[in-house]
Engineer: 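Please see the structure below; I have some questions.
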Amino acid sequence: RDINGIFISHLHADHVSDIYTLRYAIYTAQRDGYMKPPLPIYMPKSPKKTFKFIKDAIKKEFAITEISESLNLKLDGMTVSFKKTDHPLDTYAMRFECPAIKTGKGSLNKTVVYTADTGYFDGLVSFSRNADILIADATLQSPDMELENLGHMTAEQAGQLAKEADANKLILTHIWPEYDKNTSMGEAKKFFQKSVEIAKRGLEITL
Ligand SMILES: [Zn+2]
Ligand SMILES: [Zn+2]
């Protein structure tokens, strides 16, 4: 009932499968008047076959907006921009910029960047520039660098990205379930000395 909208970076199963079950919760909430239909959902339209499958499954509960690099969303004064990442499917990193709030010390605006699934590439640094919170793909650990065409970052690279982009806080996400999270944390901290956290279900952060 607290959800105002959903952003989906790409259509790999680990990023979309929950919407099939969520659909039933939303259907009920809308039917009983707890939520206004339809719920905005932002996602890429490719691959076409997967998109059509999702669209047919979620029917009337969601209103889909296609995301792309040319889309610049304005939501309650917040702007959202997108950058295509280095991943096998059409995948988009997202930058959420909140409007400036006047404080005693001048005006303050807050930015959250989510890298989505991606390998490290230079364009990600400028896209993540000065993020107050950088939520970064840290699927891998440094020994995986020997593999090719990873489409994901190591925790070291996530730390490097946070440092290069001069972020304020780094949150490591998408860590391979078999991996020790403390090792990932250590890898990120080698490069990024500010605050590092591991993403977990239900994590809430005040900007
Ligand atoms: Zn993926
Ligand atoms: Zn994924």
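Remember, it's 1-based here, ligands and their atoms both numbered in the order they're listed. Only a predicted model underlies this, so the values are computations on that prediction, with no experimental measurement involved.
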Engineer: Could you tell me which N, O or S atom of D14 is nearest to the Zn ion (ligand 2)?
Structural biologist: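 The D14 atom nearest to the Zn ion (ligand 2), restricting to N, O or S, is OD2.
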Engineer: Taking N, O or S atoms only and a limit of 2.8 Å, check whether D117 reaches the Zn ion (ligand 1).
Structural biologist: yes
Engineer: Are a donor atom and an acceptor atom from the side chains of H12 and D117 found within less than 3.5 Å of each other?
Structural biologist: no
Engineer: Describe, in one word, how the ring planes of F53 and Y20 are oriented to each other, choosing from parallel (under 30°), tilted (30 to 60°) and perpendicular (over 60°).
Structural biologist: perpendicular
Engineer: Before you tell me yes or no, could you show the steps for F82 and Y42 under ring-ring contact (aromatic ring centres under 6.0 Å, His included), namely the whole-Å CA-CA distance, both residues' side-chain angles and the distance that decides it to 0.1 Å?
Structural biologist: CA-CA 11 Å; F82 303 89; Y42 304 90; 7.7 Å; no
Engineer: For D90, enumerate each residue passing the side-chain hydrogen bond (donor to acceptor under 3.5 Å, both in side chains) test, keeping only those at least two apart in sequence or located in another chain.
Structural biologist: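 For D90, the residues satisfying side-chain hydrogen bond (donor to acceptor under 3.5 Å, both in side chains) (neighbours in sequence not counted) are S46, K84.
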Engineer: Of all the N, O or S atoms in H12, which has the shortest distance to the Zn ion (ligand 1)?
Structural biologist: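 Within H12, restricted to N, O or S, the Zn ion (ligand 1) is closest to atom ND1.
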Engineer: Can you name the N/O/S atom of H174 that is nearest the Zn ion (ligand 2)?
Structural biologist: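 Going by distance to the Zn ion (ligand 2), the closest N, O or S atom in H174 is NE2.
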Engineer: Could you identify the N, O or S atom of H10 positioned closest to the Zn ion (ligand 1)?
Structural biologist: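 Looking only at N, O and S atoms of H10, the one nearest the Zn ion (ligand 1) is named NE2.
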Engineer: Count the heavy atoms belonging to other residues, nucleotides or ligands that lie under 6.0 Å from CG of N4, then report whether that count exceeds 12.
Structural biologist: no
Engineer: Closer than 2.8 Å to the Zn ion (ligand 2), do we get an N, O or S atom from H15, backbone or side chain?
Structural biologist: yes
